[in-house]
Amino acid sequence: MNLFRHFAGEVADVLGLLVAEGRLPEAVRSVRVAVEPPREAGHGDVATNAALLLAKDSGLAPRALAEMIAERLRSRPGVAAVEIAGPGFVNLRLADDFWRARLKEILLAGRAYGDSFAGGGEPVMVEFVSANPTGPMHVGHGRGAVVGDVLARLLAKAGYKVAREYWINDAGAQVEALARSLHWRYRAALGERLGAMPEGLYPGDYLIAPARALAERDGRRWLGVPESEWLEPCRAFAVAAMMELIRADLAALGVVIDTFRSERELIAQGGVDEALRVLGERGLIYTGVLEPPKGKPPEDWEPRPQTLFRSTQFGDDVDRPLRKSDGSWTYFATDAAYHLDKYRRGFGIMIDVWGADHGGYVKRVQAAVKALSGGQGALDVKLCQMVNLMDGGEPVKMSKRAGTFVGLAEVVERAGPDVFRFIMLTRKNDAPLEFDFARVLEQTKDNPVFYVQYAHARVRSVLRLAAETFGAEALAPESLARADFSRLTDSGEIALIRRMASWPRLIESAAETHEPHRVAYFLYDLAAEFHNLWNRGKDDARLRFIRPAAAEATLARLALVQAVGFVVASGLDVFGVTPVEEMR
RNA sequence: GACCCCGUAGCUCAGUUGGAUAGAGCACCAGCCUUCUAAGCUGGGGGCCGCAGGUUCGAAUCCUGCCGGGGUCGCCA
């Protein structure tokens, strides 16, 4: 239960009554009032600004209106007290029983606590990674992979119907270069002495093994024949091999992709023609000449008439070309077609996760989505900034030429997928992120992964120990849900319940804003509060979770402890991180 | 030149989508530390929320203009 949503309903109900009584005009129903936690704990548990927003329309003084609202809220279930504060806030203080009910709710829900129907089963397509199939993934791809994967998990938890897709750019000049690179390696594998690799080819040695495999499969068949004969088979072979590398990298990270969509296939199916047809039908295509690009002196630029999309009608800065001079599609044309494809498959909400260097493409693709969907589809693009690899405060030297390039697979192998995933979410996607091997593996409080995992391990540790005294049965969540929660009276205990009770709301808002990093901060705060309570037990034995002489109080606290374990695990589930049983 | 992102404590960053007295960690200062297995605990100082206007009951948050840092900028993806 999102308690703020619940009380928003109560407030709306009260406003409805006031309208019925003629105290408020009908129009107030459309005003969006906020019902949220006050920043200051001293202001209560739930605050609403309804009176402030409606004062003007109602012709009443804010505080007078607040009083009318407050009066009608006092008798609502779960409300212990209602106060008016400041310029006209209405602050609710919730009853202890209300909090106890939340604890029970958590224990019965387990790790599913926080699951929401807010999304209403609406389909969302999260497209992410989409790394070109020209080599293994690097760390930056890894960030995008985690952000996309977790965004998908988050949306699913919030009640959306989520699909995850990888767009394979297997049609452009880059995969042709890849095919030539493979062929070069293939010749080398068959014993030709070739010297230095020509410019424009991919030098990475990850093509050596596929080249040998090709030699083994096809023998000398592609030697001494014109490129027009070997290019296509080499391309297909190379792309398949690279996708295998990428799938392995994703698997090591624990990232699941539902579907892989091929650009080549989309073109073959007539997807681009269809997109152009739709745009043409709406009068959004014309032939024109663009201004030369600003900034860099355009060397070989020459004005030429091109097929252009009127993206400026949808908020873009200039109209965008759809065809290259050789007649093939631009990247933008296929991307526009791809988004039409997504939309027609039923995804009105689309989220793309891109590297920040693609930021210049956001407007044009959003323009295409608007144009192609008749304004019905929505595209949000999450741009991921760089990951700076460090080790003990020193930057890790990254050079492909010097052979010191560190791929995603190596990083994940060294840090572990759980650590990597969590750290990738400790910053919002549009901020640069530092990944320091020494720091992320450190077992100290300033390492958030450790700190959060430690909280879970501590929960498990306490419950294991308690099981020796009480038996496993008494500690089953359903049993703990029947404990006497009135024993929980310490402010730290109540604070913990409050924090946990805000989890469903956090899920909903993080999902709505597409901001998975909020979960990391929530988990850190929850862990801090839990460790805090634990530490007070060091000084004051009465606050310890397990007190052999007080079985009732102990069971109530174990219920609290178990609930913390569930909520932490629920959050880690969203991250795709395994909650640990102990810290080794 | 245009567009996008960023600017919050000495440092690294949060800030609940416009709320009330702006938060956390590190660092710093002062105490404590034979423990539910545990890698410390408690308290304290520290702010022109880049600058200037605007919108309104109310702005770190929204709008405009500057300043500073990063990124991108036809036929590459």
Side-chain angles (χ1 to χ4, degrees), chain A residues 4 34 36-40 42-43 47 49 51-53 55-56 62 85-89 91 130 132 134 169 171-175 177 263 289-296 298 300-304 306 308 316-318 320-321 323-328 330-332 334-335 355-363 381 383 385-386 426-428 430-432 434 442-448 450-451 454 457-458 461-462 464-466 502 505-506 509-510 512-513 515 517-518 520-522 524-525 528 531-532 534-539 541 543-548 554 557 561 582-584:
Chain A
F4 299 96
E36 51 190 15
R39 215 173 261 188
E40 292 288 322
H43 291 141
N49 60 359
L52 289 166
L53 294 180
K56 194 173 275 181
F89 290 103
N91 295 333
S130 299
N132 288 334
T134 54
N169 288 118
Q174 302 212 350
V175 287
E263 179 184 11
V289 180
L290 286 177
E291 295 286 310
K294 300 279 166 55
K296 270 188 261 174
D300 58 345
W301 193 90
E302 55 186 65
R304 82 172 81 234
Q306 327 184 64
L308 299 172
D316 200 1
D317 309 307
V318 291
R320 302 295 177 176
R323 254 183 220 283
K324 301 182 202 168
S325 51
D326 67 0
S328 64
T330 59
Y331 176 77
F332 170 62
T334 53
D335 220 3
D357 53 338
H358 292 60
Y361 283 80
V362 174
K363 279 191 186 180
V381 180
L383 298 176
Q385 281 287 351
M386 303 252 295
T426 52
R427 290 283 176 274
K428 44 188 163 210
D430 50 11
E434 187 176 288
E442 209 168 60
Q443 303 213 334
T444 63
K445 185 179 175 179
D446 29 315
N447 178 1
F450 167 78
Y451 199 55
Y454 185 19
R458 226 168 209 180
S461 170
V462 169
R464 276 195 303 272
L465 184 68
S502 72
R505 178 176 193 263
L506 187 115
S509 61
E512 271 165 39
T513 55
E515 289 182 342
H517 74 278
R518 292 191 192 191
Y521 286 92
F522 174 88
Y524 186 86
D525 291 342
H531 289 311
N532 209 355
W534 167 286
N535 288 324
R536 285 176 57 215
K538 286 184 172 184
D539 295 333
L543 282 174
R544 295 193 181 183
F545 299 141
I546 299 175
R547 294 170 63 204
T554 297
R557 282 180 186 159
V561 168
E582 54 186 352
M583 297 309 291
R584 267 200 321 127

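Just so it is clear, the structure is predicted and the values come from calculations on it, not from any experiment. Chain identifiers are assigned alphabetically (A, B, ...) following the order of the sequence lines, protein sequences preceding nucleic acid strands; residue numbering begins at 1 within each chain.
For B:rG31 and B:rG45, the C1' atoms lie 15 Å apart once the distance is rounded to whole Å. Using atom P as the reference point in both B:rA14 and B:rG50, the two lie 14 Å apart (nearest Å). Comparing B:rG58 with B:rC13, their P atoms sit 34 Å apart, to the nearest whole Å. B:rU42 and B:rA24 have their P atoms separated by 12 Å, given to the nearest Å. Nucleotides B:rC62 and B:rU21 have their C1' atoms positioned 23 Å apart, rounded to a whole Å. The same atom, C1', is picked in B:rC11 and in B:rG47; the two are 15 Å apart, to the nearest Å. Nucleotides B:rG65 and B:rC3, compared at atom P, are 9 Å apart to the nearest Å. Across B:rG10 and B:rC6, the matching P atoms stand 22 Å from one another, rounded to whole Å.
Base contact: A:Pro37 has a heavy atom under 4.0 Å from a base atom. Using a 4.0 Å heavy-atom criterion, one finds that A:Gln385 contacts no nucleic acid atom at all. Within the 4.0 angstrom heavy-atom criterion, no nucleotide atom of any strand lies near A:Asp525. Using a 4.0 Å heavy-atom distance criterion, A:Ile546 is classed as a base contact. Note on A:His517: only backbone sugar-phosphate atoms sit closer than 4.0 angstrom, heavy atoms only; bases stay farther off. Within 4.0 Å of A:Ala510, counting heavy atoms only, lies no atom of the nucleic acid at all. Using a 4.0 Å heavy-atom cutoff across all strands shown, A:Arg323 reaches no nucleic acid atom at all. In this structure, A:Asn49 reaches the bases: a heavy-atom distance under 4.0 Å links it to at least one base atom across the strands shown. Across all strands, A:Ala34 comes closer than 4.0 Å to no nucleic acid atom at all (heavy-atom distances). Nucleic acid contact for A:Arg320: none, since no nucleic acid atom lies under 4.0 Å from a heavy atom of the residue. At a threshold of 4.0 angstrom between heavy atoms, the contacts of A:Leu53 include nucleobase atoms, whether or not backbone atoms are also involved. At a threshold of 4.0 angstrom between heavy atoms, the contacts of A:Arg557 with the nucleic acid are absent. As judged by a 4.0 angstrom heavy-atom cut-off over every strand, A:Tyr331 is placed among the base-contacting residues.
Contact annotation: A:Lys324 side-chain N/O to B:rC76 OP1/OP2 distance is under 4.0 Å. At B:rU16, none of the side-chain N or O atoms of A:Ser509 fall inside 4.0 Å of OP1 or OP2 (strictly under the cut-off). Proximity of A:Arg427 to the phosphate of B:rC13: a side-chain N or O atom is located under 4.0 Å from OP1 or OP2. An OP1 or OP2 oxygen of B:rG25 is reached within less than 4.0 angstrom by no side-chain nitrogen or oxygen of A:Asn447. A:Lys363 has no side-chain polar atom (N or O) that falls below the 4.0 Å cut-off from OP1 or OP2 of B:rC3. Within the structure, every side-chain polar atom (N or O) of A:Arg39 is placed at least 4.0 Å from both OP1 and OP2 of B:rG19. For A:Arg536, no side-chain nitrogen or oxygen approaches OP1 or OP2 of B:rG40 to under 4.0 Å. The side chain of A:Lys428 places no N or O atom within less than 4.0 Å of a non-bridging phosphate oxygen (OP1 or OP2) of B:rC5.
When distances are taken from the side chain of A:Asn535 to each of B:rC36, B:rC41, B:rC75, the shortest belongs to B:rC41. Side-chain proximity of A:Ala431 to the nucleotides B:rA14, B:rA20, B:rA77 is greatest for B:rA14. You'll find that the side chain of A:Trp534 is closest to B:rC36, out of B:rC36, B:rG74, B:rC75. Considering only side-chain atoms of A:His43, the nucleotide from B:rC13, B:rG15, B:rA20 that sits closest is B:rA20. With B:rC75, B:rU16, B:rA14 as the choices, the nucleotide that has an atom nearest any side-chain atom of A:Arg518 turns out to be B:rU16. The A:Glu36 side chain lies nearest to B:rU17 when the options are B:rA39, B:rU56, B:rU17.
The shortest distance between side-chain heavy atoms of A:Asn169 and A:Tyr331 falls below 4.5 Å. Residues A:Phe89 and A:Asn49 meet the side-chain proximity criterion, which asks for heavy atoms closer than 4.5 Å.
Under the 3.5 Å distance criterion, the side-chain polar atoms of A:Ser509 are matched with a main-chain donor or acceptor of A:Arg505. The backbone N or O of A:Arg547 lies less than 3.5 Å from a partner atom in the side chain of A:Thr554, making a donor-acceptor pair. At distances below 3.5 Å, not a single donor-acceptor pair connects side-chain atoms of A:Asn447 with backbone N or O atoms of A:Gln443.
Whole-Å rounding puts the A:Glu582 CD to B:rU37 P distance at 12 Å.
What you find for A:Tyr454 and A:Met583 is that their closest heavy atoms are CA-SD, 3.7 Å. For the pair A:Gly355 and A:Leu383, the tightest heavy-atom approach, listed with the atom from each and the gap, is O-CD2, 3.7 Å. Taking all atoms of both residues into account, the shortest heavy-atom contact from A:Thr426 to A:Pro448 is CG2-CG, 4.1 Å.
Figure legend: cation-pi geometry between A:Arg320 and A:Phe332 absent, as NZ or CZ is not positioned both under 6.0 Å from the six-membered ring centre and within 45° of its axis.
Checked by atom type, the side-chain pair A:Thr134/A:Gln174 shows no donor-acceptor distance below 3.5 Å.
Looking at A:Arg505, its side chain comes within 3.5 Å of the base of B:rU16 through a donor and an acceptor atom. Side-chain atoms of A:Asp357 stay outside donor-acceptor range of the base of B:rA77, with no qualifying N/O pair under 3.5 Å.
Mapping A:Tyr454 and A:Glu434 onto RNA chain B via the closest heavy atom, the residue that lands nearer the 5' end is A:Glu434. Nearest-nucleotide assignment on RNA chain B puts the 5′-proximal partner with A:Gly86, out of A:Gly86 and A:Gln174.
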- Message: Taking Watson-Crick (N1-N3 plus N6-O4 or O6-N4) and G-U wobble (N1-O2, O6-N3), each under 3.5 Å, can you produce the dot-bracket string of RNA chain B? Use [ ] for crossing pairs and | for inter-strand ones.
- Response: (((((((..((((.....[...)))).(((((.......))))).....(((((..]....))))))))))))....

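Aromatic stacking is not marked for A:Tyr524 over B:rA24, as the cut-offs of 5.5 Å for the centres and 30° for the planes do not both hold.
Base orientation of B:rU17: syn, the glycosidic angle falling within 90° of 0.
A:Gln385 meets the side chain to side chain contact (heavy atoms under 4.5 Å, CB included) test with A:Arg143, A:Ala356, A:Pro432; sequence neighbours excluded.
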